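This structure is a prediction, so every number in the text was calculated from the model and none was measured.
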Amino acid sequence: MTTRDFTGPTYVKNVKGEKDTYEYALLRVVPRVERGECFNAGVLVYCRARSYVGALTHLDEAKLSALDPRADLAGVRAALRAVEGICAGGDAAGQAAVDDAGRRFRWLIAPRSTVVQPGPVHTGLTADPRAEAERLLRLLVL
């Protein structure tokens, strides 16, 4: 159970302390879609003003096994890593590597019926989107 941080390569640090609008969505693990049971396993954060898109994830394997003892742990880990890779850009993002941070975020938050699903998008203000992602992970996932 590790927490991983993957952010885009063009992150612009806010040196003045000004707050910018950001958007975030939780990543939910839904082991058996037909039952609708889920738990939070990560957070996606996007800040247009800072060219930032990042994902922090934490898979609680005990929780996953409790909801579905036959769950594919490796498959869920791979799905979370794929989200992280898309946020990181580069080779790990595949074709999404050529997209800007906003386009990658929009693709990641599109509704889907898979084991790892994005939740609704929320907004806020932050001077540091990376620190905000860490705060949201502690508050909503861990």
Side-chain angles (χ1 to χ4, degrees), residues 1-15 18-142:
M1 288 189 275
T2 60
T3 300
R4 298 166 51 112
D5 175 12
F6 287 86
T7 59
T10 59
Y11 177 58
V12 178
K13 185 79 171 162
N14 184 347
V15 293
E18 297 170 356
K19 292 192 176 187
D20 297 304
T21 303
Y22 74 95
E23 299 173 68
Y24 77 93
L26 291 168
L27 291 173
R28 298 175 176 165
V29 174
V30 186
R32 293 178 56 196
V33 175
E34 70 277 9
R35 291 182 59 141
E37 299 167 330
C38 66
F39 64 93
N40 298 335
V43 63
L44 292 166
V45 173
Y46 168 60
C47 180
R48 180 177 170 211
R50 300 288 160 213
S51 298
Y52 174 89
V53 63
L56 291 171
T57 65
H58 173 82
L59 179 59
D60 187 333
E61 294 177 5
K63 210 178 269 188
L64 177 57
S65 295
L67 289 176
D68 185 0
R70 298 180 318 209
D72 179 5
L73 292 171
V76 174
R77 273 191 231 105
L80 291 170
R81 278 193 307 270
V83 172
E84 296 164 348
I86 290 167
C87 287
D91 293 338
Q95 288 185 318
V98 297
D99 291 335
D100 64 25
R103 197 168 165 120
R104 284 181 280 154
F105 179 75
R106 298 284 172 244
W107 186 81
L108 289 167
I109 62 167
R112 51 187 50 94
S113 182
T114 59
V115 173
V116 175
Q117 300 178 8
V121 175
H122 307 278
T123 61
L125 294 172
T126 187
D128 185 348
R130 185 175 291 150
E132 191 65 24
E134 293 169 1
R135 185 188 76 80
L136 291 168
L137 183 78
R138 285 190 308 274
L139 180 68
L140 302 171
V141 177
L142 300 178

Original post:
Any side-chain heavy atom of L125 sitting closer than 4.5 Å to one from T21?
Top reply: yes
**OP:** Rounded to the nearest 0.5 Å, what's the gap from CZ on R77 to CD on E84? Could you check?
**Re:** 12.0 Å
Original post:
Just how far is it from atom CG of L59 to atom CZ of R81, taken to the nearest 0.5 Å?
Top reply: 10.0 Å
**OP:** Answer yes or no: are there more than 12 heavy-atom neighbours, outside R103 itself, under 6.0 Å from its atom CZ?
**Re:** no
Original post:
Any idea which heavy atoms bring A41 and V29 closest together, and the distance?
Top reply: CB-CG2, 3.5 Å
**OP:** Kindly determine whether F39 and L67 satisfy side-chain contact (heavy atoms from CB on, under 4.5 Å), including the steps that lead there.
**Re:** CA-CA 9 Å; F39 64 93; L67 289 176; 3.6 Å; yes
Subject >> Ion pair check, K19 and E132, cut-off under 4.0 Å >> reply: no
**OP:** Please round to the nearest 0.5 Å and tell me the distance separating atom CD1 of I109 and atom CD of E23.
**Re:** 6.5 Å
**OP:** State the CZ-CG distance between R130 and L56, to the nearest 0.5 angstrom.
**Re:** 9.5 Å
**OP:** Using the side-chain contact (heavy atoms from CB on, under 4.5 Å) rule, take V53 and L44 through it: C-alpha gap first, then chi angles, then the decisive distance, then the call.
**Re:** CA-CA 7 Å; V53 63; L44 292 166; 5.6 Å; no
Subject >> Spacing of I86 atom CD1 and W107 atom CH2 [to the nearest 0.5 Å] >> reply: 4.0 Å
Original post:
Do S51 and D100 have side-chain heavy atoms sitting under 4.5 Å apart?
Top reply: no
Original post:
Are any non-hydrogen side-chain atoms of L140 and Y24 less than 4.5 angstrom apart?
Top reply: yes
Original post:
Given side chains that start at C-beta, do those of R106 and Y46 come closer than 4.5 Å, heavy atoms only?
Top reply: yes
**OP:** Mind jotting down which residue pairs meet the side-chain hydrogen bond (donor to acceptor under 3.5 Å, both in side chains) criterion with at least one end in residues 62-74? Sequence neighbours excluded, please.
**Re:** none
Original post:
When you look at Q117 and V33, which way does the side-chain contact (heavy atoms from CB on, under 4.5 Å) test go after all the steps?
Top reply: CA-CA 10 Å; Q117 300 178 8; V33 175; 4.1 Å; yes
Subject >> Minimum-distance pair of heavy atoms, taken over all atoms of A133 and V43 >> reply: O-CG1, 3.7 Å
Subject >> Sidechain-backbone polar pair: R28 side chain, L26 backbone, donor-acceptor under 3.5 Å >> reply: no
Original post:
If you take all heavy atoms of A79 and V116, which pair is closest and at what distance?
Top reply: CB-CG2, 3.7 Å
Original post:
How far does CG of L142 sit from CG of L136, to the nearest 0.5 angstrom?
Top reply: 11.0 Å
Subject >> Nearest atoms (heavy-atom pairs only) where C87 meets G54 >> reply: SG-C, 3.8 Å
